[in-house]
Amino acid sequence: MIAVPSPLRLRLSSDALVANWRWLAAQSGAAACGAALKADGYGLGAREVMRHLAAAGCRDFFVATWAEAAALMPLPANVSLSVLHGVGESDMVAARLLPARPVLNSVEQVQRWREAGEGQRCDVMVDTGMNRLGLRVEEALGGALDGLAIETLHSHLASADEDCDQNARQLVTFCALRDRVPARRYSLANSAGICLGADYTFDLTRPGIALYGGIPRVEAAEHIRQVAFPGARVLQVRTVPAGETVGYGASWAAPHDCRIAVANLGYADGYLRCHAGSGGATWQGQALPLVGRVSMDLTAFDASDAAGVGEGDWLSLSYDLPEVSGRSGLSQYELLTGLGSRFERVWG
Ligand SMILES: *Cc1c(COP(=O)(O)O)cnc(C)c1O
């Protein structure tokens, strides 16, 4: 194989990742602080994220599926991995063979796990008001979990990023579960839940987005650092005379003679068309606003104020998550998980 350099790069800061985890761990108080690694570590690369966080002392990791769990093998020493989607019929072979636990989500899954026998430990998810995954509270309290060796009993907050009554209601329900369903540990909070305070942290927290630089609530804004920095190479710089248009649909016309940098980046890379009108990049500190529509593999930026930029130069995309989320209408989660496979992930 020839090593072909990619014209798209996602620079990833392990220092920022670890600093974010340490802050979330401190906010978690006496509770252990884990890490959600689903969707390939929110698009950053689950294996590398796990390696950096395990080295920093993180012990509890979460993926969505058994395929994601298998991709993380072999695990670093002394870590535990839980599979949030539990065990369907077709997952049982993987669940038996891999050193990971299911998070059982329904009476059917509990039954399946019991029939598989072996008394292996499992996690359990109880739904306290989201109606997504998890046993209903009345099922959990009504005997469905009797005798099960539960490592961690989980629930998940539906609205932790907002100030609303639902958080307190879910907390009260979860406390009632803790009092009546035996488990080694109890866990409720995601990133935003950690910011709700000590009542929500229990024995284990499960942050995801904040590890990766997302701001789940304003309380976290000055503590969480950006982790992912996308960059794209300039394919060519062209002069566009005043009045001519750029790109599909001729949606942007040059107000004066402009220098336009066309970058190796498009919606196929997860840089979606909704960035038109507000997206941008920088080169050596100079701003290059996005102009016209985003194409599949190409995006044009106005380089009129970035005099020296030329073919082969690297543009840094503006990718401050809360800011870009506010302007584009995409969530901070979508901004990270959408970044495509053409980005070469480079940890530093
Ligand atoms: C994704 C997920 C998390 C992490 O949520 P963030 O909002 O990214 O912090 C925690 N728990 C469960 C069950 C999840 O699915």
Side-chain angles (χ1 to χ4, degrees), residues 17 20-21 23-25 27-28 31-44 46 49-50 53 58-66 68-69 80-87 100-106 109 122-135 150-162 166-167 170-171 174 177 183 185-197 200-221 223-225 227-228 321-322 325 330-339:
L17 173 76
N20 291 343
W21 180 75
W23 184 76
L24 291 159
Q27 298 308 111
S28 299
C33 182
L37 294 178
K38 60 202 188 192
D40 200 21
Y42 289 41
L44 277 53
V49 169
M50 185 183 226
L53 292 183
C58 183
R59 290 288 165 264
D60 300 276
F61 295 92
F62 300 89
V63 290
T65 69
W66 289 94
E68 289 182 341
S80 109
L81 182 62
S82 297
V83 179
L84 290 164
H85 292 186
V87 275
R101 292 191 301 281
V103 180
L104 303 176
N105 283 301
S106 65
Q109 288 197 351
C122 57
D123 288 1
V124 169
M125 175 68 68
V126 179
D127 190 283
T128 53
M130 190 167 184
N131 277 309
R132 193 177 64 172
L133 285 182
L135 281 81
I150 302 175
E151 173 67 22
T152 306
L153 185 83
H154 300 269
S155 192
H156 191 52
L157 296 164
S159 307
D161 56 342
E162 291 169 29
Q166 191 178 23
N167 295 322
Q170 288 195 260
L171 179 62
F174 192 65
L177 283 164
R185 297 195 294 183
Y186 298 84
S187 175
L188 179 63
N190 60 349
S191 302
I194 292 170
C195 300
L196 292 177
Y200 287 81
T201 54
F202 294 89
D203 303 307
L204 168 67
T205 58
R206 310 182 306 264
I209 191 69
L211 293 170
Y212 308 117
I215 309 297
R217 290 180 59 94
V218 288
E219 294 90 328
H223 303 286
I224 293 297
R225 288 165 52 185
V227 175
L321 293 175
S325 169
L330 296 172
S331 70
Q332 299 179 70
Y333 300 80
E334 291 166 295
L335 287 171
L336 288 180
T337 58
L339 293 173

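In each ligand, atom 1 is the first atom listed, and ligand 1 is the first ligand listed. FYI, side chains are in, hydrogens and waters are out, and symmetry mates aren't considered; it's all heavy atoms of this structure.
Among all non-hydrogen protein atoms, the one lying nearest atom 9 (O) of ligand 1 is Ser191 OG, 2.6 Å. In this structure, the protein non-hydrogen atom closest to atom 8 (O) of ligand 1 is Tyr42 OH, 2.5 Å. When hydrogens are left out, the protein atom nearest atom 10 (C) of ligand 1 is Arg206 O, 3.2 Å; that is the closest non-hydrogen contact. Protein heavy atom nearest atom 15 (O) of ligand 1, with residue, atom name and distance: Lys38 NZ, 2.6 Å.
Between Gly208 and ligand 1, at least one N/O pair is under 3.5 Å apart. Residue Leu84 places no N or O, backbone or side chain, under 3.5 Å from any N or O of ligand 1.
The ligand atoms of ligand 1 that sit less than 4.0 angstrom from a heavy atom of Arg132 are 15 (O). Residue contact check: Met125 has heavy atoms under 4.0 Å from atoms 13 (C) of ligand 1.
Closest heavy-atom contact between Thr205 and Cys33: OG1-CA, 3.4 Å. Heavy atoms only, all atoms of each residue included: Thr128 and Phe174 are closest at CG2-N, 4.4 Å. What you find for Leu321 and Tyr212 is that their closest heavy atoms are CD1-O, 4.0 Å. Scanning both residues, Arg217 and Ala192, for their nearest heavy atoms gives CD-O, 3.5 Å.
Residue-level proximity to ligand 1 for Met130 is absent, since no heavy atom of it falls below 4.0 angstrom. Contacts between His156 and ligand 1, counted as non-hydrogen atom pairs separated by less than 4.0 Å, involve the side chain only. The proximity of Tyr333 to ligand 1, defined as any non-hydrogen pair under 4.0 Å, is limited to the side chain. Contacts between Pro207 and ligand 1 below 4.0 angstrom, taking non-hydrogen atoms only, involve the backbone exclusively.
With atom 5 (O) of ligand 1 as the reference point, the heavy atom nearest to it among Asn190, Ile209, Leu37 is part of Asn190.
No donor-acceptor contact under 3.5 angstrom links the side chains of Ser325 and Gln332, judged on distance only.
Note that CG of Leu157 and CG of Leu196 are 6.5 Å apart. Values are rounded to the nearest 0.5 Å.
Checked against the 6.0 Å centroid criterion, the rings of Phe62 and His154 qualify as a close aromatic pair.
Arg185 has no carboxylate O lying under 4.0 Å from a charged side-chain N of Asp123, or vice versa, which leaves the two without a salt bridge.
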field: CA sep, side-chain torsions, deciding dist, call: Tyr200, Asn167, side-chain contact (heavy atoms from CB on, under 4.5 Å)
entry: CA-CA 9 Å; Tyr200 287 81; Asn167 295 322; 3.5 Å; yes
